[in-house]
Participant: 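Supplied in structure tokens, the structure appears directly below.
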Amino acid sequence: MTYTLNAMVAVGAVVAALLAPPHASAATTRPAVVTTDNETPVLYDDEAGGNASGDDPAIWVHPADSRKSMVIVTVKEGGLRVYDMGSRELQSLPATEAPRIDTAAGRYNNVDIAYGVSLAGRTVDVAVVSDRYNDQLRFFVVNPAGATARTPLVEVTAADQNFLFNPDRAAVDEEHTAYGLAIWQPRPGESYAVVTQEGATTVATARIVEIGGKLGYTDIRRLTMPGTFRLPDGTTWVPCAEPGALPQFEGVAVDQASGVLYAAQEDVGLWRLQLPLGSASQPTLIDRVKDFGIHDVYDSETEECQPVDPKAKGYGGNLLTADAEGVDIYYGPGASGYVLVSSQGDDTFAVYERQGANEALGSFQVKGVDGADDINGSDGLAVTNRPVGDYRQGLLVTHDEPETGPDVDDERDATNFSYVSWGDIAGAMSLTVDIRTGNDPRFR
């Protein structure tokens, strides 16, 4: 099934958002500073490094022994890596060919965890991954022994799954394919993947199902989000992109209690919309990147966008510097908590209230200490309110690019992931620490 929202209907919500001032309370506040001394081994995106380019993390929380919890990350053509709470590598999985007749080697972009999935008469936790080169989902069962398991992840993807966004392999090879990903579990025994499309404004959901003792998906629904915006000065703004591309979404997260999807449109800002797709409520643009509304032109020589008028001010917000990237939710009691967004363009992280109108609370940056480097250009992130390992007040894991330091070969493309104590973030920004959200592992 395909559901398409008329883009102009959603644009009305954008215009309404523009009439309100940006989040002024956060405008004059400098980013808070927190530190980290815990980072994963360096990854190199070259043949010698297995073409491993870090992108997106997920935190799997062990149900009984938090020290057995794990961090699972995508490294694109390099596949997956699994780390323990001390950032030591436990497993390296290559991006293998997908189990399909018209197969191609994988490119793993984003990852999230589905808890309590039924498979072959068992209840298992599953790492769900978007595979760009095959425009589909890949599924990996998590060994319940977690960080003490000899093989933490095993693939269980069913054969010949439908493409998520494209009609055939020829279209898939154009690479406008599965990109960002988050899991939505509205009730026990029911799991969906929310997936975005590279180079497009389309968001899809697919229900995860068992097929012949493995996992696949069905009931694909798609929603077209806005790609053009009417501005208060009467002009129409189209965010600049390379030829053939539209303003894409990547970072997504679902509030498991309310079914609200938070989605970062990289050159536009942070949206919220109600699941399932096609609900009566309209998408709302919560916050805008700083250069929202500034008309740019694409320079084919530099492959970058340049403003038509360098002095133009636009209609942007105060916290997000494009690209707006990773998104996740820190759960507090009831409807409280926070929405975190990677502000990739200025190496900071924006924080919004989870409840109400998602008031902006400010931002923070992460400095490295004791041999760890500062976090730069963060793409994906994941946060949990659960005690995991030595992080007794919760944990943020974030991508870092470029990875730097005396032991890093700066002639190679280097990335990794850093662990940051939620307690440190909460202390620096006067936020809440709460680990009493019950036993439902979805509220991670």
Side-chain angles (χ1 to χ4, degrees), residues 38-62 67-99 103-114 124-134 136-157 178 181 214-215 326 371-373 375 378-382 388-389 395 397-405 407-409 412-419:
N38 191 5
E39 58 183 4
T40 62
V42 63
L43 300 161
Y44 290 109
D45 187 14
D46 54 27
E47 186 173 353
N51 299 313
S53 177
D55 194 288
D56 187 53
I59 304 169
W60 175 76
V61 179
H62 192 282
R67 297 184 186 278
K68 297 179 182 178
S69 300
M70 302 183 296
V71 173
I72 302 164
V73 308
T74 57
V75 295
K76 299 181 182 176
E77 292 183 7
L80 299 175
R81 299 291 185 272
V82 184
Y83 304 105
D84 67 10
M85 288 298 101
S87 71
R88 291 177 291 271
E89 184 179 299
L90 302 173
Q91 188 179 16
S92 174
L93 294 90
T96 57
E97 292 184 346
T103 192
R107 178 186 171 105
Y108 299 160
N109 205 74
N110 279 30
V111 59
D112 201 1
I113 308 297
V124 298
D125 297 339
V126 181
V128 183
V129 177
S130 58
D131 181 350
R132 278 191 61 190
Y133 285 172
N134 288 287
Q136 68 167 82
L137 303 178
R138 307 284 286 267
F139 301 92
F140 299 82
V141 166
V142 179
N143 189 311
T148 61
R150 178 170 296 183
T151 307
L153 298 183
V154 174
E155 185 166 13
V156 292
T157 305
L181 177 141
K214 295 185 180 293
L215 290 175
D373 70 331
I375 293 176
S378 174
D379 198 321
L381 61 81
V388 285
L395 171 67
V397 178
T398 177
H399 165 257
D400 179 18
E401 181 178 11
E403 166 63 3
T404 60
D407 298 327
V408 177
D409 184 347
R412 306 166 69 189
D413 293 331
T415 58
N416 70 349
F417 295 83
S418 295
Y419 295 19

Participant: Could you grab the distance from atom CG of Leu43 to atom OG of Ser92, nearest 0.5 Å is fine?
Facilitator: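 Between Leu43 CG and Ser92 OG, I get 9.0 Å after rounding to 0.5 Å.
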
Participant: Does the side chain to side chain contact (heavy atoms under 4.5 Å, CB included) test come out yes or no for Thr40 and Val73, once each step is laid out?
Facilitator: CA-CA 10 Å; Thr40 62; Val73 308; over 6 Å; no

Participant: With heavy-atom distances below 4.5 Å as the criterion, would you say the side chains of Val82 and Leu93 are in contact?
Facilitator: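 Of all side-chain heavy-atom pairs linking Leu93 with Val82, at least one is under 4.5 Å.
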
Participant: What I'd like to find out is whether the side chain of Glu77 reaches to under 4.5 Å of the side chain of Ser53, using heavy atoms alone.
Facilitator: no

Participant: Kindly compute the distance separating CG (Asp84) from CG (Leu90), expressed to the nearest 0.5 Å.
Facilitator: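 Result: 5.0 Å between the selected atoms.
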
Participant: Does Leu215 form a side chain to side chain contact (heavy atoms under 4.5 Å, CB included) with Val126? I'd like the steps, not just the answer.
Facilitator: CA-CA 10 Å; Leu215 290 175; Val126 181; 3.7 Å; yes

Participant: How long is the span from the NZ atom in Lys76 to the OG1 atom in Thr415, to the nearest 0.5 Å?
Facilitator: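 If we round to the nearest 0.5 Å, Lys76:NZ and Thr415:OG1 are 8.0 Å apart.
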
Participant: Kindly determine whether Val61 and Ser69 satisfy side chain to side chain contact (heavy atoms under 4.5 Å, CB included), including the steps that lead there.
Facilitator: CA-CA 5 Å; Val61 179; Ser69 300; 4.2 Å; yes

Participant: Give the minimum heavy-atom separation between Ala382 and Pro57, together with the two atoms involved.
Facilitator: CB-O, 3.5 Å

Participant: What is the minimum heavy-atom distance between Ala114 and Val128, and which atoms define it?
Facilitator: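 Minimum heavy-atom separation between Ala114 and Val128: CB-CG2, 4.2 Å.
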
Participant: Tell me, with the steps shown, if Val71 and Met85 meet side chain to side chain contact (heavy atoms under 4.5 Å, CB included).
Facilitator: CA-CA 7 Å; Val71 173; Met85 288 298 101; 3.7 Å; yes

Participant: Can a donor-acceptor pair be found, under 3.5 Å and without considering hydrogens, that links the side chain of Arg81 to the backbone of Gly78?
Facilitator: yes

Participant: Atom CG in Leu181, atom CG in Asn109: separation rounded to 0.5 Å?
Facilitator: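 Answer rounded to 0.5 Å: 9.5 Å.
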
Participant: Angle class for the Phe140/Tyr108 ring planes (parallel below 30°, perpendicular above 60°, tilted otherwise)?
Facilitator: perpendicular

Participant: Do the non-hydrogen side-chain atoms of Ile113 and Ile72 ever get within less than 4.5 Å of each other?
Facilitator: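 Heavy-atom side-chain distance check passes, below 4.5 Å.
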
Participant: Counting only N and O atoms by type, is there a donor-acceptor contact under 3.5 Å from the side chain of His399 to the main-chain atoms of Asp56?
Facilitator: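 Such a contact is absent between His399 side chain and Asp56 backbone.
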
Participant: Please find the pair of heavy atoms, one from Thr157 and one from Lys214, that lie closest to each other, and give the distance.
Facilitator: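 Looks like O-CD, 3.5 Å.
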
Participant: Under 3.5 Å, is there a donor-acceptor pair between the side chain of Glu155 and the main chain of Phe139?
Facilitator: no

Participant: Is it true that the side chains of Arg138 and Thr96 contain a donor and an acceptor less than 3.5 Å apart?
Facilitator: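 Yes, Thr96 and Arg138 have a side-chain donor paired with an acceptor closer than 3.5 Å.
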
Participant: Are any side-chain N or O atoms of Ser130 and backbone N or O atoms of Leu137, one a donor and one an acceptor, separated by less than 3.5 Å?
Facilitator: no

Participant: For a 4.5 angstrom cut-off between non-hydrogen side-chain atoms, does Leu153 reach Leu80?
Facilitator: yes

Participant: So which heavy atom on Pro41 is nearest to which on Tyr83, and how close?
Facilitator: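 Closest approach of Pro41 to Tyr83, heavy atoms only: CD-CE2, 3.8 Å.
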
Participant: Under 3.5 Å, side chain of Ser378 to main-chain N/O of Thr398, donor-acceptor pair present?
Facilitator: no

Participant: Using side-chain hydrogen bond (donor to acceptor under 3.5 Å, both in side chains), reason through Thr404 and Asp373 one step at a time and then give a plain yes or no.
Facilitator: CA-CA 6 Å; Thr404 60; Asp373 70 331; 3.0 Å; yes

Participant: So does Lys68 get a backbone contact from the side chain of His62, meaning a donor-acceptor N/O pair under 3.5 Å?
Facilitator: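 No, because the side chain of His62 does not come within donor-acceptor range (under 3.5 Å) of the backbone of Lys68.
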
Participant: I'd like to know if the side chain of Asp400 reaches the main chain of Glu403, judged simply by a donor and an acceptor atom lying under 3.5 Å from each other, with no hydrogens or angles considered.
Facilitator: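 Flag not set: sc Asp400 to bb Glu403 has no pair under 3.5 Å.
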
Participant: Rounded at 0.5 Å granularity, tell me how far CZ in Phe417 sits from CG in Asn38.
Facilitator: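 The CG atom of Asn38 is 13.5 Å from CZ of Phe417, to the nearest 0.5 Å.
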
Participant: Sub-3.5 Å donor-acceptor pair from the side chain of Asn134 to the main-chain atoms of Ala104, do we have one?
Facilitator: yes

Participant: Please answer whether the main-chain N or O of Val408 pairs with a side-chain N or O of Tyr44 as donor and acceptor at a distance below 3.5 Å.
Facilitator: no

Participant: Working to the nearest 0.5 Å, report the span between CZ of Arg150 and CD of Gln91.
Facilitator: 12.5 Å

Participant: Checking the side chain of Asp55 only, and the main-chain atoms of Thr74 only, is there a donor and an acceptor separated by less than 3.5 Å?
Facilitator: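 A pair under 3.5 Å: no.
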
Participant: Return the minimal non-hydrogen interatomic distance between Met70 and Pro152, and the atom names on each side.
Facilitator: SD-CB, 3.7 Å

